[in-house]
Structures are given as structure tokens and as C-alpha cells.
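What's counted below: heavy atoms across the whole structure, side chains too, no hydrogens, waters or symmetry copies.
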Amino acid sequence: MPLGFLKTLQSRGPKPVQQREHTVSGRTLPLRIVENDRATRLTLRIDAGGRGLRITVPPGLARGEVDRFLNRHQGWLEQRLAKVPDRPQVRPGIKVPIRGVPHTIVHEPDKRGTARIGANAGEPTLTVHGEAQHLPRRVADFLKREAKRDIEALVEKHCTTVGRRAKAIRFRDTSSRWGSCTSDGSLSFSWRIMMAPPQVINYLVAHEVAHLREMNHGPRFWQLCEELCPDTERCKAWLKRNGTALQAIVFE
């Protein structure tokens, strides 16, 4: 089993993160090995979209133990990754969902301007200008702008309801989670959520805003989440079914 070169990077926390590569069925994936003081055993996780692997280990664990752990779980990895959707590359002609509606990417290289939504023979389109090599980034930039507009408005709405204020709102391309809320009230969202239906976008914002009052996932948190978004259970189920496919789309 080929293993890539190991290098140690300094993480934001006090513990080092070991980063290397691991090959599964001929596919080489980035592998992060994270030391956690509270861990009592090794745990393995596949990042959303099959974009990488993460192993959490107890402090001071020898590299040999990690290698043996990976060997034991190679079959499990092969089975799970076989179920991960293909990673479609954003390019002219493919369909990318915008607020849950598939839009065909149309490339007009000789024109200038930002990407715009339109229609062709009644079918929704997203027209992108500029050089072909920049098309995936321009589509991503479009989704980021839409996320900023829609999500900031939803945050303000839900914050008014719960009587809390967000310290900051950030947008990232995260592979492990769709959103987060820090103890100081900073909210983060994956801009990829703009590919989901509006009700799912609303659920994600309601979920993170609810954390401004309840920094847990206890009964009171879920009750508040339901008050902000009555479709909570249905939207959770949609994101569980479809989230991996959205994470798999390549904007590079």
C-alpha cells in the first residue's frame, strides 16, 4: 500500500497535524492525522465529497499504529469511497444547481461581465464570460456573491427573532461541515449551500443562529431550531442525502 511523504504542519491548536497521502483503489487522497488529548482510540473519517481522509489519534501514538489501522480499514475505505459520487468538473454544458434548480453553464468567452442567470428555450442557464480557464472560478465567485446576499439577510432575520447578534459572518469552502458558530458569536457558512433549495439554505442559517443562544445540540437547541425553521427535519434529511454530491463538484 503506497503511502506518501510525511510532513508535520503546525495546526491552529496546540497539537501538531501530520499531513500525508494515502492511496485507495488507485486514488490518492490527502490524509490528515490529528492528535486529540481526549481521544482514547483511533477514528477514521472521509471528508465530504471524498476529498480527503482524517484520522484522530490519542497523544503520542506511533506512526506504525496508524499504518496498521489504515491497513485494517482498507476494505472499508474502498467500499465507502465507491459510493461517493463522481467529482464533476465545472465546465460549459454541465448543469450546476442554484438554489436547488439545475442551471446549464453557458460560456461566452468574447464578452465581459459577471456571471448571470438566464434561460435558453425555457431551460435555466448560467452564462459565464471570459477565458475558459477562469470559468470554474467565476462560477464559484457567483455562488459566493449569492451566498453573501441571501445568507446575510437570513442571519439578520433569525437574529432578530432570537434576540442575539452575530459578531461576524464568513463564507468558506469547507469539506467537513456546512456551517459553524463560535463561542464569541462568529458564524461561518459554506458558500456551496447556495446549490441547495431555499428551504435548506434557511435551515442551515437557522441552525447556526440557534447556536447563538444554545451552544449545544440539546433539546432546547432543536426546539429553537424548529421555531426558526419548521422544516428542520425534512431539510436535515435532504442535506444528508444530497450534501456529498454538492461537496463533490470541482470548482478548480
Side-chain angles (χ1 to χ4, degrees), residues 1-89 136-137 140 144 168 170-184 186-193 195 204 207-208 211 215-217 236 239-252:
M1 176 182 61
L3 290 174
F5 176 72
L6 172 66
K7 60 181 179 179
T8 300
L9 303 176
Q10 185 63 38
S11 69
R12 292 184 179 179
K15 296 296 181 182
V17 175
Q18 294 180 351
Q19 186 159 310
R20 68 197 209 197
E21 294 178 338
H22 182 66
T23 300
V24 182
S25 299
R27 180 179 176 186
T28 300
L29 299 171
L31 167 67
R32 288 180 299 149
I33 304 171
V34 182
E35 215 176 79
N36 189 321
D37 285 336
R38 292 176 294 178
T40 58
R41 60 187 178 88
L42 291 83
T43 57
L44 174 61
R45 186 176 72 188
I46 301 172
D47 290 339
R51 293 194 284 178
L53 308 174
R54 174 188 171 116
I55 295 181
T56 302
V57 303
L61 193 76
R63 172 174 173 164
E65 290 296 323
V66 174
D67 292 344
R68 284 188 283 273
F69 179 78
L70 284 169
N71 276 323
R72 291 197 303 272
H73 289 81
Q74 190 75 351
W76 179 84
L77 283 171
E78 291 172 354
Q79 292 176 0
R80 292 295 298 270
L81 287 170
K83 298 177 182 179
V84 173
D86 292 335
R87 301 198 64 197
Q89 171 75 48
R137 176 178 58 79
K144 293 173 187 176
R170 300 184 179 93
F171 299 94
R172 297 170 177 164
D173 188 11
T174 53
S175 61
S176 59
R177 59 177 63 184
W178 287 100
S180 64
C181 174
T182 64
S183 58
D184 68 353
S186 295
L187 305 179
S188 291
F189 300 95
S190 169
W191 50 262
R192 288 175 181 259
I193 196 63
M195 294 187 283
L204 176 64
H207 184 115
E208 301 309 333
H211 279 311
M215 283 295 292
N216 54 68
H217 286 102
K236 281 173 59 181
L239 207 50
K240 185 175 182 179
R241 287 194 311 271
N242 301 283
T244 298
L246 300 186
Q247 292 282 8
I249 298 174
V250 179
F251 292 89
E252 300 174 355

Legend entry - Salt-bridge present (D173, R137; N to O < 4.0 Å): no

Inset, instruction - Specify the closest pair of heavy atoms between L246 and R192, including all atoms of both residues, with the distance to one decimal. - result: O-NH1, 2.8 Å

Legend entry - Set of residues satisfying salt bridge (charged side-chain N to carboxylate O under 4.0 Å, His left out) with respect to E65, sequence neighbours excluded: R68

Inset, instruction - Name all residues meeting the side chain to side chain donor-acceptor pair (under 3.5 Å) criterion together with T28; count only those two or more places apart in sequence or in a different chain, and write none if there are none. - result: T23

Inset, instruction - Kindly write out the residues that satisfy ring pair (Phe, Tyr, Trp, His ring centres under 6.0 Å) with H217, not counting sequence neighbours, or none if the list is empty. - result: H207, H211, F221, W222

Inset, instruction - For L204 and G179, work out which heavy atoms get closest and say how close. - result: CD1-N, 4.0 Å

Inset, instruction - Let me see the working for V57 and Q18 under side chain to side chain contact (heavy atoms under 4.5 Å, CB included), right down to the final yes or no. - result: CA-CA 11 Å; V57 303; Q18 294 180 351; over 6 Å; no

Legend entry - Beyond-backbone contact of R177 with R172, side-chain heavy atoms, under 4.5 angstrom: no

Inset, instruction - Might you work through the side chain to side chain contact (heavy atoms under 4.5 Å, CB included) test for I33 and R20, ending with a clear yes or no? - result: CA-CA 8 Å; I33 304 171; R20 68 197 209 197; 3.8 Å; yes

Inset, instruction - Measure across Q89 and P136 and return the closest heavy-atom pair with its distance rounded to 0.1 Å. - result: NE2-CG, 3.6 Å

Legend entry - Where at least one partner belongs to residues 26-47, residue pairs that pass ring pair (Phe, Tyr, Trp, His ring centres under 6.0 Å), sequence neighbours excluded: none

Inset, instruction - Identify the two heavy atoms, one from P59 and one from N36, that lie closest to each other, and give their separation to 0.1 Å. - result: CD-O, 3.4 Å

Inset, instruction - Would you please test I46 and L29 for side chain to side chain contact (heavy atoms under 4.5 Å, CB included) and show each step? - result: CA-CA 10 Å; I46 301 172; L29 299 171; over 6 Å; no

Legend entry - Residues L44, R80; criterion side chain to side chain contact (heavy atoms under 4.5 Å, CB included); working and verdict: CA-CA 12 Å; L44 174 61; R80 292 295 298 270; over 6 Å; no

Legend entry - Contacts of type ring pair (Phe, Tyr, Trp, His ring centres under 6.0 Å), residue W191, not counting sequence neighbours: F251

Legend entry - side-chain contact (heavy atoms from CB on, under 4.5 Å) involving T182 - partner list, sequence neighbours excluded: D184, S186

